[in-house]
Amino acid sequence: MNAPPAPPGELTVVKCGGTAGVDAAAVCADVADMVHAGQRVVLVHGGSADIGALGDRLGVPHRRMVTDDGVDTRYTDPATLEVVVLALAGAVKPRLVAALARAGVDAVGLTGLDAGLLRARRTPVHRAVVDGRRMVLRDNHGGRLVGVRPDLLRVLLAAGTVPVVSPPALGEDGRPVNVDADRAAAALAAALDARTLVLLTGAPGVLTDPGDERSVLARCAVPTTGVPPGVGGGMAMKLIAGREALLGGVGRVLVADGRRGDPVRAALAGAATEITTRSPNA
């Protein structure tokens with residue numbers, strides 16, 4: 001009689017930041033070592049550096065906007081959406097899948113469009129501040145995640161394969177919608193009942209002083225509603241994503257340094273800021 005299969009290792013969702021400082025090769029090597037040790041990993045990625053570089057080559061300006069709820073995000077007009085899809089699916093994702101293959105791990109690259117993995121609602125009209133000017137935007141192809149269909153990922157994980165996932169998501173009209181990769185990672189972690197979400201970035205964690213990396217926090221309590229106070233830009237979005245993951249049932253959320261060797265395992269061992277939640281009035 002054959003012995004029953006060993007129970008699968010705990011699931012970790014890793015978000016590999018897209019800034020130039022994050023060492024994607026080290027992230028992939030670390031993920032591969034975890035998989036070889038029997039753990040299950042989903043790798044989610046952005047690609048801000050590649051998106052910016054490709055946009056420059058194609059003459060497509062990259063602009064940011066601040067929405068009425070205070071969130072700083074990419075302004076995704078039709079030309080920018082093409083750049084986002086080309087950069088993420090055509091450059092970043094193949095690079096990560098190939099790095100995992102060199103480390104002896106089978107990986108499959110997916111966007112949120114594949115099998116309707118990520119579902120989003122496009123906001124038809126945005127009132128936002130763009131480049132310092134308040135505007136009404138009618139051509140923005142960004143939106144908010146409204147659902148995840150994780151069945152395909154479960155099949156891949158059961159086969160010992162690492163899913164490598166990125167935006168865009170599938171809109172209600174069947175067209176691509178750009179969504180934040182940190183929040184996509186949080187939604188996937190919650191849908192898959194992940195034990196841990198690790199958000200890797202170009203800093204050692206959440207800093208009390210952005211100019212001093214020694215000011216990293218061991219823990220950062222985020223209010224359960226509203227924009228986290230005291231931080232801005234990409235870190236604010238990571239805190240929002242972390243909150244969404246925790247409220248969705250993820251065991252713990254870590255913001256950690258993606259520039260170092262063994263970045264994921266170092267984060268799991270304590271070299272990170274752990275995100276917690278608190279009452280808005282606490």
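Just so it is clear, the structure is predicted and the values come from calculations on it, not from any experiment.
In this structure the side chain of Val105 never reaches within 4.5 angstrom of the side chain of Val31, judged on heavy atoms. In this structure the side chain of Val222 never reaches within 4.5 angstrom of the side chain of Arg278, judged on heavy atoms. Side-chain contact between Thr201 and Arg259: absent, with no pair of heavy atoms (C-beta onward) separated by less than 4.5 Å. By the 4.5 Å heavy-atom criterion applied to side chains, Arg144 and Arg183 are counted as neighbours. Between Val177 and Arg122 the shortest side-chain heavy-atom distance falls below 4.5 Å. Using a 4.5 Å cut-off on side-chain heavy atoms (C-beta onward), Leu43 and Val165 make no contact. Annotation: side chain of Met235 is in contact with side chain of Val255 (closest heavy-atom distance under 4.5 Å). Leu11 is not listed as a side-chain neighbour of Asp193, based on a closest heavy-atom distance of 4.5 Å or more.
Contact detail for Ala271 and Arg260: the closest heavy-atom pair is CB-NH1, 3.7 Å. Closest heavy-atom contact between Leu118 and Ser166: CD1-O, 4.3 Å. Across all their heavy atoms, Val179 and Ala169 have their closest contact at CG1-CB, 4.0 Å. Of all the heavy atoms in Ile51 and Arg74, the pair that sits closest is CG2-NH1, 3.6 Å. Summarising the geometry of Ala189 relative to Leu197, their closest heavy-atom pair is CB-CB, 4.3 Å, with the distance given to 0.1 Å. Counting all heavy atoms, side chain and backbone alike, Ala89 lies closest to Pro94 at O-CD, 3.4 Å.
Taking CG of Leu246 as the start and CD of Glu244 as the end, the distance is 10.5 Å to the nearest 0.5 Å. Between the OG1 atom in Thr12 and the CZ atom in Arg265 there is a gap of 12.0 Å [rounded to 0.5 Å]. Rounded to the nearest 0.5 Å, atoms CZ (Arg252) and CD (Glu274) are 6.5 Å apart. For the atom pair CG of Asp262 and CG of Asp33, the computed distance is 7.0 Å after rounding to the nearest 0.5 Å. Atom CZ of Arg175 is separated from atom NE2 of His141 by 6.0 Å, given to the nearest 0.5 angstrom. Rounded to the nearest 0.5 angstrom, Lys238 NZ and Thr273 OG1 are separated by 12.5 Å.
When hydrophobic clusters are built by joining Ile, Leu, Val, Met, Phe, Trp and Tyr residues whose side-chain heavy atoms come closer than 4.5 Å, directly or via intermediates, Leu145 is grouped together with Val250. Both Leu152 and Val108 belong to a common hydrophobic cluster when Ile, Leu, Val, Met, Phe, Trp and Tyr are linked at side-chain heavy-atom distances under 4.5 angstrom. In the hydrophobic clustering of this structure, Val14 does not group with Leu192; members are Ile, Leu, Val, Met, Phe, Trp, Tyr whose side-chain heavy atoms approach within less than 4.5 Å, directly or through other members. Under the 4.5 Å side-chain heavy-atom criterion for Ile, Leu, Val, Met, Phe, Trp and Tyr, Leu96 and Val198 are members of the same hydrophobic cluster. With hydrophobic clusters built from ILVMFWY side chains whose heavy atoms lie under 4.5 angstrom apart, Leu199 shares a cluster with Val148.
Side chain of Arg243 to backbone of Gly226: a donor-acceptor contact under 3.5 angstrom is found. A distance-only check finds no donor-acceptor pair linking the side chain of His62 to the backbone of Tyr75 [under 3.5 Å].
Side-chain polar atoms of His45 and Lys15 form no donor-acceptor pair below 3.5 angstrom. Side chains of Asn178 and Thr76: a donor-acceptor N/O pair is present below 3.5 angstrom, by distance only.
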Report the C-alpha distance between Leu268 and Met34 in whole Å, list the side-chain angles of each, state the deciding distance to 0.1 Å, and finish with yes or no for side chain to side chain contact (heavy atoms under 4.5 Å, CB included). CA-CA 11 Å; Leu268 296 173; Met34 294 170 66; 3.9 Å; yes
Stepwise side chain to side chain contact (heavy atoms under 4.5 Å, CB included) check, Thr111 with Leu88: CA-CA 9 Å; Thr111 71; Leu88 296 183; over 6 Å; no
Criterion side chain to side chain contact (heavy atoms under 4.5 Å, CB included) on Val13 and Thr196, from CA distance to verdict: CA-CA 6 Å; Val13 175; Thr196 307; over 6 Å; no
Given Val22 and Cys16, is the side chain to side chain contact (heavy atoms under 4.5 Å, CB included) satisfied, shown in steps? CA-CA 8 Å; Val22 173; Cys16 180; 3.9 Å; yes
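Through direct or indirect side-chain contacts shorter than 4.5 Å among Ile, Leu, Val, Met, Phe, Trp and Tyr, Leu81 is connected to Val85. Hydrophobic side-chain contacts under 4.5 Å tie Leu170 into a cluster, directly or through other members, with Leu113.
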Can you list, pair by pair, the side-chain donor-acceptor contacts under 3.5 Å of residues 154-163, counting residues two or more places apart and other chains?
| from | atom 1 | to | atom 2 | distance (Å) |
| --- | --- | --- | --- | --- |
| Arg154 | NH1 | Asp151 | OD1 | 3.2 |
| Arg154 | NH2 | Ala191 | O | 3.0 |

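In summary, Arg95 and Asp50 engage in a salt bridge, as defined by a charged side-chain N under 4.0 Å from a carboxylate O. Ion pairing between Arg63 and Asp77 holds under the 4.0 Å rule for side-chain N and carboxylate O.
A salt bridge (charged side-chain N to carboxylate O under 4.0 Å, His left out) check over residues 16-26, counting only residues at least two apart or in different chains, returns nothing.
The side-chain contact (heavy atoms from CB on, under 4.5 Å) check on Ala49 picks up Ala20, with sequence neighbours excluded. With sequence neighbours excluded, no residue satisfies side-chain contact (heavy atoms from CB on, under 4.5 Å) with Ala29.
The side chain to side chain contact (heavy atoms under 4.5 Å, CB included) test with Cys220 is passed by exactly one of Val253, Leu207, Thr276, Leu239: Leu239.
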